[in-house]
Amino acid sequence: MTTITLPRKARSKPRRSKYTAATADRHVLYQMAVQNVEAEIDFVDETYKILRGRHALKLREDFCGTGHTSREWVGRRRTNTAIGLDIDRATLDWGLEHNIDPLPPATRSRVRLVNRDVLHPGRSGSRMDIVLAMNFSYWIFKTRETLREYFKSVRRSLVPGGIFFLDFYGGSEAYEVQREDRKVGPFTYVWDQNWLDPLTNHMRCYIHFKFKDGSRMDRAFCYEWRLWSMPEIRELLAEAGFSNSTVYLEGDDDDEGGDGDFQPVEEGEVCAAWLAYIVAER
Ligand SMILES: C[S@@+](CC[C@H](N)C(=O)[O-])C[C@H]1O[C@@H](n2cnc3c(N)ncnc32)[C@H](O)[C@@H]1O
């Protein structure tokens, strides 16, 4: 009989995952699970180039959090500059330490994360080619008046020819109280549409994380916002003075999901869940 001797390494105890509720950093988990900043910047960069016939230079990332998208923008070309705005000092500090400070000095000098309310972007947030409001963050404005004020302020911050990019999700599932689990490598991301008032469309959502060792990070992030409809958003963009807005709808893959390809459409189709970008031209 042949005896197989396992190499020492294979017989030693399995290494502990750094992804447990006690050891993982919620911002790292968020960056791995939530926003695909590479795909987002691909879309923004290419769409601007198609519409304007040249590359954009100056980008402002509203609700920037950790500045992940701004970092992606300045990494693309030496001529790109970015400014990120967020009201949460602690999240900005995390982003500076982990996303911005490690950049080479020449790249680092082209990005700033600023602790400011997006309603008051200041002079350094003006004269932009592009402003981004991604991850549905602008839904924190719950009245038509405040959202219109925000859109007006964005429009004032753009140079002539400037473009405002927003993301959007819709479909019947958006109006349901439900949870959805998605495996992301070493952990599970949980999107929890926890509470919705159908009279106001105010809703509360959480992000939770679950780990292979059975531990959980509950309510790692909380969002209190209004679930807006596409026509409401486009009407408010027009009322704020944008000359037009185009909806770029994501196509379907063969497995009831999105294929990551966003194309301009004149008309949508009824679907349980859909994602789109809105491209608003100054
Ligand atoms: C959905 S998170 C976006 C996080 C970001 N995409 C990232 O990668 O970290 C929403 C962010 O909006 C910020 N925020 C909420 N209201 C704001 C306001 N009026 N002005 C600026 N930032 C705001 C929050 O502090 C939070 O960081």
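Treat the numbers as computed from the prediction; the structure is a model and nothing was measured. Whatever order the structure lists them in is the order used to number ligands and atoms, beginning at 1. Residue numbers start at 1 and run along the sequence shown.
- Taking CG of Leu85 as the start and CD1 of Ile83 as the end, the distance is 5.5 Å to the nearest 0.5 Å.
- The residues Glu239 and Lys152 are annotated as not salt-bridged, no charged nitrogen and carboxylate oxygen being separated by less than 4.0 angstrom.
- Atom-to-atom distance recorded for Lys58:NZ and Leu158:CG is 11.0 Å, nearest 0.5 angstrom.
- Here the OH-NE2 distance, from Tyr48 to His55, works out to 11.0 Å after rounding to the nearest 0.5 Å.
- Annotation: ligand 1 has protein neighbours Tyr30, Gln35, Phe63, Cys64, Gly65, Thr66, Asp86, Ile87, Asp88, Arg116, Asp117, Val118, Asn135, Ser137, Ile140, Tyr223, each with a heavy atom less than 4.0 angstrom from the ligand.
- Judged by the 6.0 Å and 45° rule, Arg216 forms no cation-pi pair with Phe209.
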Run the side-chain donor-acceptor check on residues 162-172: report pairs under 3.5 Å with partners two or more places apart or on a different chain.
{"from": "Asp167", "atom 1": "OD1", "to": "Asn135", "atom 2": "N", "distance (Å)": "3.0"}
{"from": "Asp167", "atom 1": "OD1", "to": "Phe136", "atom 2": "N", "distance (Å)": "2.8"}
{"from": "Asp167", "atom 1": "OD2", "to": "Asn135", "atom 2": "N", "distance (Å)": "2.5"}

